[in-house]
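Below you'll find the structure, written out as structure tokens, and then a few comments.
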2 protein chains.
Amino acid sequence: MESTRAKIITAAVRCFRDNPSDTLEKVAEEAGVSRRTLHRYFENREDLIESCKNEMLVSCNKAMILAYESDPGPIIKIRNMLFAAIEQGANYAFVKRIYERSNFSDLEMKKEFESDDVKSKWFNLIKELQKAERINPELTIPWIFNLFGSIIETAIYAFESGDVAKNDSRNFAWISFKGAIGLKE
Amino acid sequence: MESTRAKIITAAVRCFRDNPSDTLEKVAEEAGVSRRTLHRYFENREDLIESCKNEMLVSCNKAMILAYESDPGPIIKIRNMLFAAIEQGANYAFVKRIYERSNFSDLEMKKEFESDDVKSKWFNLIKELQKAERINPELTIPWIFNLFGSIIETAIYAFESGDVAKNDSRNFAWISFKGAIGLKE
DNA sequence: GTAATATGTCACATATTTGAGACATATTTC
DNA sequence: GAAATATGTCTCAAATATGTGACATATTAC
């Protein structure tokens, strides 16, 4: 049975992803608890948002590290990271939304992304593929990074909306990302 | 000189794109007018949002139709539609956000998309390319449709954030979209 | 079954946002 | 330059959102 705190965070992530100013009443309702209870767990809106950020980052980073370590080859590493992110669903989409308006070099400064070095691992994988001329040299790494996130988000939304079955969304995402960066396998 | 009404709508689109509940004070500030003035032009928040929806749809649809009519070939049509959407910038991104949570078949029912038949034109172009076996047959049209929107949005955000120069974002978007759907030219 | 803990309902004070009247000031029109 | 129009500032009432105490009720632990 999921804890009340976890239920609230899950609901908050879902609500705040699309509307950062959604009412706490709405979040509580989405969580299936009363607003009074929500306030018992979180001091205020800011506390709730920070908690969501922290937990979602930890969760996504963890999944991505596992995916990274799941195979020695760079291509499978990237593929598994893509799948791991899609599996995170709303979590990943929430994190993406938070950071959407930051540019690539700003992100490099943020501690959140250095904590587990997910981004630098990902960065090095792409660099490796570029060096080996296995992907399109015209595309910059910032572009590829943003595209990676967008395709994941597309897969998450396609599944959530009912347009695409879960397995299909994973496969389509991989096919599309590969093609988009001109990856030669 | 841009009219006050237009300034407010532009500002609202920018604000509401990322936060549908942003305060009207914020929108007014973004527009460079007082909130009192904003209230003179728009009855209430709902009126403002509806106006934004209508105007952005008209603007985007118009640009897309022009792009569609700019060349007889299906591939250049699609390319130009992609570029036209990127050129719309915040307008397109706003429209995309509004409809993000609708699935493909729901969108087919909405009059907004039937008004100028942009979507059906786009749909038929992709269908044509599928039939001619010029794109990857594994990918479904709903997936391709959503991906098209995501890549456009990626280009818009990449440019806005400063990661990618304007011309580069256009070119990267086209290269990536082509590759993603396996388009053979 | 009892005690401890968790949650919901209710009420309320406070904070924030909204909508609009009144009037001053700025800008545009002729 | 005068008149008309547009906008800003200020104020205030109403609406909405937030945070929390009190107490009842439900659930869990022993």
Side-chain angles (χ1 to χ4, degrees), chain A residues 1-59 90-91 93-101 112, chain B residues 1-59 90-91 93-95 97-101:
Chain A
M1 196 78 253
E2 196 180 21
S3 80
T4 299
R5 187 175 188 277
K7 280 199 297 187
I8 295 170
I9 286 184
T10 299
V13 164
R14 218 155 34 221
C15 295
F16 292 150
R17 179 177 67 179
D18 295 323
N19 184 353
S21 298
D22 227 346
T23 63
L24 297 183
E25 184 74 51
K26 180 81 174 293
V27 173
E29 190 188 322
E30 181 80 28
V33 302
S34 68
R35 185 168 63 81
R36 187 66 192 83
T37 295
L38 185 151
H39 285 292
R40 288 195 177 102
Y41 284 86
F42 302 95
E43 198 176 325
N44 51 42
R45 171 184 290 275
E46 196 174 323
D47 179 27
L48 176 56
I49 289 175
E50 281 307 306
S51 297
C52 289
K53 277 189 189 177
N54 293 336
E55 297 211 1
M56 294 306 108
L57 269 168
V58 167
S59 170
N91 300 349
F94 175 79
V95 170
K96 183 176 183 297
R97 283 289 161 87
I98 294 175
Y99 294 107
E100 197 146 64
R101 312 223 33 110
E112 292 99 317
Chain B
M1 195 78 249
E2 196 181 20
S3 79
T4 299
R5 188 175 187 278
K7 281 198 295 187
I8 294 169
I9 287 184
T10 299
V13 163
R14 219 157 29 224
C15 295
F16 292 151
R17 180 179 65 180
D18 295 324
N19 183 353
S21 299
D22 229 345
T23 62
L24 297 182
E25 184 75 49
K26 180 81 176 293
V27 172
E29 192 188 323
E30 182 80 28
V33 303
S34 66
R35 186 169 62 83
R36 187 66 193 85
T37 295
L38 185 151
H39 284 292
R40 289 195 177 102
Y41 283 87
F42 301 96
E43 201 175 323
N44 51 41
R45 172 183 292 273
E46 196 176 321
D47 178 28
L48 176 57
I49 288 176
E50 279 309 305
S51 297
C52 289
K53 279 190 188 174
N54 293 336
E55 298 213 359
M56 294 308 108
L57 268 168
V58 167
S59 169
N91 300 349
F94 176 79
V95 170
R97 284 289 162 87
I98 296 176
Y99 295 107
E100 197 146 63
R101 313 225 30 115

**Asked** Shortest non-hydrogen contact from B/R45 to B/T23?
**Response** NH2-CA, 3.8 Å
Between [N] ([atom2]) and [X] ([atom1]): distance, integer Å:
{"X": "A/E25", "N": "C/dT16", "atom1": "CD", "atom2": "P", "value": "19 Å"}
{"X": "B/L24", "N": "C/dG19", "atom1": "CG", "atom2": "C1'", "value": "10 Å"}
{"X": "B/R40", "N": "C/dC23", "atom1": "CZ", "atom2": "C1'", "value": "11 Å"}
{"X": "B/I49", "N": "C/dT18", "atom1": "CD1", "atom2": "P", "value": "10 Å"}

**Request:** Would you tell me if any nitrogen or oxygen in the side chain of B/H39 comes within less than 4.0 Å of OP1 or OP2 on C/dA20?
**Result:** no
With side chains defined as the heavy atoms from C-beta onward, is the minimum distance between [X] and [Y] less than 4.5 Å?
{"X": "A/V27", "Y": "A/F16", "result": "yes"}
{"X": "A/L24", "Y": "A/F42", "result": "no"}
{"X": "A/E2", "Y": "A/T10", "result": "yes"}
{"X": "A/D18", "Y": "A/R97", "result": "yes"}
{"X": "A/M56", "Y": "A/R17", "result": "no"}
{"X": "A/N19", "Y": "A/C15", "result": "no"}

**Fill in**
Comparing nearest nucleotides in DNA chain D, the 5'-proximal residue of the pair A/D22, B/R5 is B/R5
**Request:** For B/G32 and for A/F42, locate the closest nucleotide of DNA chain D by heavy-atom distance; then report the residue assigned to the nucleotide nearer the 5' terminus.
**Result:** B/G32
**Item:** First encountered from the 5' end of DNA chain C, between A/Y41 and A/R35
**Value:** A/Y41
**Request:** Give the nucleotide from the list C/dT18, C/dG21, C/dT9 with an atom nearest to the side chain of A/R36.
**Result:** C/dT9
**Request:** For B/S34, answer base if it contacts any base atom (sugar-phosphate contacts may also be present), sugar-phosphate if it contacts only those atoms, and nothing otherwise; contact means non-hydrogen atoms under 4.0 Å.
**Result:** base
**Message:** Counting distance alone, no hydrogens or angles: does the base of C/dG19 have a donor or acceptor under 3.5 Å from a partner atom on the side chain of B/R45?
**Reply:** no
**5' to 3' contact window, DNA chain D with chain A (heavy-atom distance under 4.0 Å)** = D/dA17 to D/dA22
